[in-house]
Amino acid sequence: MTDLSPSNRTWKIFKRNKIAIAGLVIILVTLLIAILGYLIMPDSTPMANNMTIQLNLKKPGSKFMFLRLAKSGPVDTVNVFKKMLFGQPAFYWDIPITDYRFTKDSVYAAEYIGDEDKPETKAYSRVQATIIHKTFWLGTDVYGRDLLSRLILGTRVSLSVGLMAVIISMLLGVTIGSIAGYFGGWADAFLSWLMNILWALPALLLVIAISFALGKGLWQIFIAVGLSMWVEVARLVRGQVMSLKQAEYIEAARSLGFNNYRIIRRHILPNIVGPILVMASSNFASAILLEAGLSFLGFGAQPPMPTWGSMIKEHYGYIVMDSAYLAIIPGLAIMLLVYAFNLVSIGLRDAFDIKSQSTRF
């Protein structure tokens, strides 16, 4: 029987950890939901921002009848790929009604105004009108928007911020940590001094400061969160490189005339990929929390783009009322996704048999 390769052996150990596999499944399902996006959302309009003020704060599972009227102006039809990414502008006006009656040329509909108000009966052309029924599975928010649609779109924002932040932090952290650990001397002294200063700053305050400098927006959040997380990666890589650069196979590589870039890229970094992956998974969870905190404070993606943090901000006042689910549901989504990444981090740590860094995660 042939020996398993290191990657196969790591995957075999990881598969034995059922809890870590459960976390990985949650992440993959969430990723699939984020990719499909508008294709699976009840409200597929851009930013899921279709407001029906009469239906604000409706309970989960609420069902309503609508009179659907075609819009008078032209509406651009997008292909499936563009719809998946950006949504499809609505072709119709949907008016909530409580009752209707068809005549030969018209339809008389009792427009829903509120639970305590008497419906207003209006006449519409029968040619342009149809009757549909909708179910709001998670209810509606304070503006009458479908909460499930905005929650799904918020998944895309959280994962994209986490992914971009991890990519930026890994590129900076691995590069700076490798330089500091391998070359030592004044380069290590200066970079270590810089890392210690940034390490002393609270992550959220650092992200807010960078956001002030860059401005508000989604791309600014990518950069701000990524720039606040590279220090942990750099410190880890620096320590790992310092412990490996004196190894015999590194000395052999030097004696063969390999340059420093090749030694770092081909001989050192592949041997510390385990700790780096564990750090990446842990940073992904931290990035999601940072993005949610920034959105709650108003520094994240700006309205009408839905984020889990902004959804909590808009509705946290309803926690003490009978609509606490408006803030609890996105809060649970944040908790579940962060917990899933933490489970995967622990599974990777055990699979790579990382003991020296175990207290960090």
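V233 is not listed as a side-chain neighbour of L172, based on a closest heavy-atom distance of 4.5 Å or more. The shortest side-chain heavy-atom distance between V273 and L269 does not fall under the 4.5 Å cut-off. Taking 4.5 Å as the limit, some side-chain heavy atom of S211 sits within range of a side-chain heavy atom of I221. Looking at R101 and V107, their side chains never come closer than 4.5 Å, going by heavy atoms from C-beta outward. Side-chain contact check for F222 versus L218: some heavy-atom pair is nearer than 4.5 Å. I132 has its side chain within reach of D94: a pair of non-hydrogen atoms, C-beta onward, lies under 4.5 Å apart. Contact check for S228 versus L290: side-chain heavy atoms found under the 4.5 Å cut-off. Side-chain contact between L336 and I26: present, with at least one pair of heavy atoms (C-beta onward) separated by less than 4.5 Å.
I152 is not connected to L332 by any chain of hydrophobic side-chain contacts under 4.5 Å among Ile, Leu, Val, Met, Phe, Trp and Tyr, and they are in different clusters. In the hydrophobic cluster analysis, where Ile, Leu, Val, Met, Phe, Trp and Tyr join through side-chain heavy atoms closer than 4.5 angstrom, I35 is grouped together with L337. One hydrophobic cluster, built from ILVMFWY side chains closer than 4.5 Å, holds both I334 and I319. Under a hydrophobic-cluster definition in which Ile, Leu, Val, Met, Phe, Trp and Tyr are linked whenever side-chain heavy atoms come within less than 4.5 Å, directly or via other members, F91 and Y124 are assigned to different clusters. In this structure, I210 is a member of the same hydrophobic cluster as W230, with clusters built from ILVMFWY side-chain heavy atoms closer than 4.5 Å.
Under 3.5 Å, the side chains of S7 and T10 contain no donor-acceptor pair of N or O atoms. Looking only at atom types and distance, the side chain of R254 has no donor-acceptor partner in the side chain of N259 under 3.5 Å away. Side chain to side chain, Y143 and N56 fail the donor-acceptor criterion of an N or O pair below 3.5 Å.
Note: R349 CZ to S281 OG = 11.5 Å, rounded to the nearest 0.5 Å. To the nearest 0.5 Å, the span separating OG1 on T30 from CD1 on I288 amounts to 8.5 Å. The structure places CD1 of I312 at 11.0 Å from CD1 of I329, a figure rounded to the nearest 0.5 Å. Residue Q54 holds its CD atom at 8.0 Å from CD1 of I113, rounded to the nearest 0.5 Å. Once rounded to the nearest 0.5 Å, the distance linking CD of E291 with OG of S158 reads 4.5 Å. Distance check: R16 CZ to K18 NZ gives 10.0 Å after rounding to the nearest 0.5 Å.
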Worksheet item: Would E251 and K245 satisfy salt bridge (charged side-chain N to carboxylate O under 4.0 Å, His left out), going step by step from the backbone distance to the final call?
Response: CA-CA 8 Å; E251 295 294 338; K245 71 177 183 179; over 6 Å; no
Worksheet item: How far apart are the C-alpha atoms of S295 and S310, what are their side-chain angles, what is the distance that settles it, and do they pass the side-chain hydrogen bond (donor to acceptor under 3.5 Å, both in side chains) test?
Response: CA-CA 5 Å; S295 295; S310 63; 5.4 Å; no
Worksheet item: Given the rule in the side chain to side chain contact (heavy atoms under 4.5 Å, CB included) test, do W308 and L151 qualify, once you have shown the distances and angles that lead to the verdict?
Response: CA-CA 7 Å; W308 291 344; L151 189 73; 3.5 Å; yes
Fill in: Chi angles and distances behind the side chain to side chain contact (heavy atoms under 4.5 Å, CB included) call for R68, W93
CA-CA 6 Å; R68 171 162 287 182; W93 297 108; over 6 Å; no
Discussion item. Show, in sequence, the C-alpha distance, side-chain angles and deciding distance for L277 and F352, and conclude whether the side chain to side chain contact (heavy atoms under 4.5 Å, CB included) test is met.
Written reply: CA-CA 10 Å; L277 286 178; F352 285 108; 3.8 Å; yes
Discussion item. Please evaluate residues N271 and L244 with respect to the criterion side chain to side chain contact (heavy atoms under 4.5 Å, CB included), reporting the C-alpha separation (whole Å), side-chain torsions for both, the decisive distance (0.1 Å), and the verdict.
Written reply: CA-CA 9 Å; N271 286 284; L244 287 178; 4.0 Å; yes
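In terms of modelled atom types and a separation under 3.5 Å, the side chain of Y316 and the main chain of I328 share no donor-acceptor contact. Between the side chain of Q240 and the main chain of P275, no donor-acceptor pair closer than 3.5 Å is present. Not one N or O on the side chain of S282 forms a donor-acceptor pair closer than 3.5 Å with the backbone of M279. Judged purely by atom type and a 3.5 angstrom limit, N49 has no side-chain atom pairing as donor or acceptor with the backbone of T45. Using modelled atom types, one side-chain atom of S160 and one backbone atom of V157 make a donor-acceptor pair closer than 3.5 Å. Side-chain atoms of S192 come within 3.5 Å of backbone atoms of D188 as a donor-acceptor pair (strictly under, hydrogens ignored). No donor-acceptor pair closer than 3.5 Å links the side chain of R266 to the backbone N or O of Y261. A donor-acceptor pair under 3.5 Å is formed between the side chain of T140 and the backbone N or O of L57. In this structure, S44 contributes its side chain and I40 its backbone to no donor-acceptor pair below 3.5 Å. The backbone N or O of L55 sits nowhere less than 3.5 Å from a side-chain atom of T52 that would complete a donor-acceptor pair.
Within a 6.0 Å radius of CZ in F86, no more than 12 heavy atoms belonging to other residues, nucleotides or ligands are found. Residue K59 qualifies as enclosed at atom NZ: its count of foreign heavy atoms under 6.0 Å is above 12.
Listed here is the closest heavy atom pair of P89 and D76: CD-O, 4.3 Å. Nearest approach of P306 to M47, heavy atoms of both residues: CD-O, 3.8 Å. The two residues L206 and L201 come nearest to each other via the heavy atoms CD1-CD1, 4.0 Å. Pairing each heavy atom of L343 with each of A20, the nearest pair is O-CB, 3.7 Å. Contact between L148 and P42 at its shortest, heavy atoms only, is CD2-CG, 4.0 Å. For the residue pair I168 and L227, the shortest heavy atom distance occurs at CG2-N, 4.3 Å.
Residues satisfying the side-chain hydrogen bond (donor to acceptor under 3.5 Å, both in side chains) criterion with S149, sequence neighbours excluded, are D146. Every residue was checked against the side-chain hydrogen bond (donor to acceptor under 3.5 Å, both in side chains) condition with R150, not counting sequence neighbours, and none meets it.
Annotation: cation-pi geometry satisfied between R262 and F258 (NZ/CZ under 6.0 angstrom from ring centroid, within 45° of ring axis). For the pair K134 and F66, the cation sits on the ring face: its NZ or CZ lies under 6.0 Å from the ring centre, inside 45° of the axis. Both cation-pi conditions hold for R235 and W199: the charged atom is under 6.0 angstrom from the six-membered ring centre and inside a 45 degree cone around its axis.
Between K118 and E111, no side-chain nitrogen of the basic residue sits less than 4.0 Å from a carboxylate oxygen of the acidic one, so the salt-bridge criterion is not met. Ion pair R126/D105 not flagged as a salt bridge, since none of the NZ, NE, NH1 or NH2 atoms sits closer than 4.0 Å to an Asp/Glu carboxylate oxygen.
Ring orientation note: the planes of F212 and F299 are nearly perpendicular, at an angle over 60° on the 30°/60° scale. The aromatic rings of W11 and F14 sit parallel to each other, their planes meeting at less than 30°, with 60° as the upper class boundary.
In this structure, Y318 has its ring center at least 6.0 angstrom away from the ring center of Y325. Aromatic pair Y112/F64: centroids less than 6.0 angstrom apart.
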